[in-house]
Every structure is written in C-alpha cells, then in structure tokens.
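We're numbering straight along the sequence, starting at 1.
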Amino acid sequence: MASPQQPVPTRVRARRGACALLLCCALVAAAACDGGSSSRGGDAHSLTPSPVGELLSTSDATGDQLREVDREGAPDVRIAVRPGAAENWDVRLTVTNFRFSAERSGTGSAATTGRGYAVLYLEGRRLARLHQPRYRLSAASLGRGTHELTVRLHADDGTVWAVDGQAVEDVARVTLAPRKDAPAG
C-alpha cells in the first residue's frame, strides 16, 4: 500500500516561494536587458557598442591606427605655446567636439565619439599623454634653436582620430634663443 503524502513544512514552502520569486525577477531583468539576444537579429557577440567611425588600414607616423570620422562634428585641436615661469613653456590645447577622458582610459577601452586623450610629441618623439588641455614643458627639454611640438588626438582605445585620412593634430614651433648672459659657444 502506498503511504499517504506528508504535508510540506511551512518553511520549505516559504523557501520555494522565495526561489520562485527570485527566478521571476531574474527573468524580468534579463528581458529588460535584452536577455543576451538582440532585437535587431544577431547573437550575444553583436551586443558590443556600435563602432565609432571607420578603422583605416593605415596608421600615423608613430604606428597608431587611424579612426576615420566625418568632417562634420569631427574632433579638432589647436596648440599654443607661450613662455611660462622659471624658463618653462606653457602648452595650451584648444579642442572642439572633443572631451578629455579620465587618466585610466587607454588600450582596452572602447572608442566613444569625441572622447579620448591627446599625445604631445617633441620632434616626433612621444613626450606626454595628456588628459587635460594644459602641459608645462621644461626648458631643459629644449636645446637652442627651433623645435616642433605636435599634438594628436586619440580615442580611448588608442586609435588616432582622423579626417580625410589625416590624423587630427596641430603643430607649433618653439624657438629657444641663447640666453643673453650665457657665454657664446
């Protein structure tokens, strides 16, 4: 003979109810987040952010890949260099359609329209990565003569913003004359 079923204790029923409620909440949350599939068709791999611009097969003079964007609304930069205090030079950047990202950005971060950092080059050598529009250049970095400073805008993923196949950059020339009190040499 079969034994009659024992009633389920109240605590077990409460746990089952809580588990069912949690499962329902998880399903609702997954549906709200598109549940790993895209309504545009595709699989979980297609959920990456939309690409910004077009990655070109070319790179800049330093080997960084170019990211082409339309001229309209493209980031832009201008550099100005002025004598500063204590024989230093104040470098100021003026940017349009661009915002500096926090210092933790860089390779591994996704490119976002109009965001990133600037790289400052002295005579083609990388001098500094800038996350703000100001930099103090030590006069000790410069010898006598004319020097070329180039600033180039990068996306957070390390690519270089480009328009019409050219890096978004600006160049300034700084001439350091010999000090009047220094011996001629």
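The two residues F98 and G116 make their nearest non-hydrogen contact at CZ-C, 3.4 Å. Between V52 and A111 the shortest heavy-atom distance is CG2-O, 3.4 Å. Heavy atoms only, all atoms of each residue included: R115 and W161 are closest at O-NE1, 3.3 Å. When all heavy atoms of A155 and R67 are compared, the closest pair comes out as CB-NE, 4.3 Å. Heavy atoms only, all atoms of each residue included: N97 and A74 are closest at ND2-O, 3.1 Å. Here the shortest heavy-atom pairing between F100 and L93 reads CZ-CD1, 4.1 Å.
The local environment of CZ in R99 is sparse, with at most 12 non-hydrogen atoms from other residues, nucleotides or ligands closer than 6.0 Å.
Taking the six-membered ring for Trp, H154 and Y117 have ring centres closer than 6.0 Å.
Side-chain contact between L130 and V119 is absent, with no heavy-atom pair separated by less than 4.5 Å. Counting heavy atoms from C-beta outward, V168 and V163 have side chains that approach closer than 4.5 Å.
Rounded to the nearest 0.5 angstrom, T58 OG1 and L66 CG are separated by 4.5 Å. Within the model, atoms CG of L120 and CG of L127 stand 5.0 Å from one another, a figure rounded to the nearest 0.5 Å. One distance of note links CD of E72 with CG of D70; it measures 7.5 Å at 0.5 Å rounding.
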R134 and R136: CA distance, side-chain angles, deciding distance, side-chain contact (heavy atoms from CB on, under 4.5 Å) verdict
CA-CA 7 Å; R134 296 179 180 187; R136 171 107 358 125; over 6 Å; no
Under the criterion side-chain contact (heavy atoms from CB on, under 4.5 Å), I'd like the reasoning laid out for T94 against V77: C-alpha separation, chi angles, the key distance, then a yes or no.
CA-CA 6 Å; T94 303; V77 64; over 6 Å; no
Under the side chain to side chain donor-acceptor pair (under 3.5 Å) criterion, do S59 and D64 qualify, and how do the steps go?
CA-CA 5 Å; S59 55; D64 291 325; over 6 Å; no
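Not a single donor-acceptor pair under 3.5 Å links the side chain of Q65 to the backbone N or O of V160. For the pair D157 (side chain) and T159 (backbone), a donor-acceptor distance under 3.5 Å is present.
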Show every donor-acceptor pair shorter than 3.5 Å between a side-chain atom in residues 146-153 and any protein atom, with sequence neighbours excluded, or say none if there are none.
unit_1, atom_1, unit_2, atom_2, d
T146, OG1, T175, OG1, 2.9
H147, ND1, E123, OE2, 3.3
H147, NE2, G143, N, 3.4
H147, NE2, G143, O, 2.6
E148, OE1, R173, NH2, 3.0
R152, NE, E169, OE1, 2.7
R152, NH1, D60, OD2, 3.0
R152, NH2, E169, OE1, 2.8

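Linking ILVMFWY residues whenever their side-chain heavy atoms come closer than 4.5 Å, directly or via other members, places Y135 and V81 in the same cluster.
The pair D90-R82 does not meet the salt-bridge criterion, since no charged nitrogen lies less than 4.0 angstrom from a carboxylate oxygen.
Remark: R125 pairs with L122 by the side chain to side chain contact (heavy atoms under 4.5 Å, CB included) rule, at least two apart or across chains.
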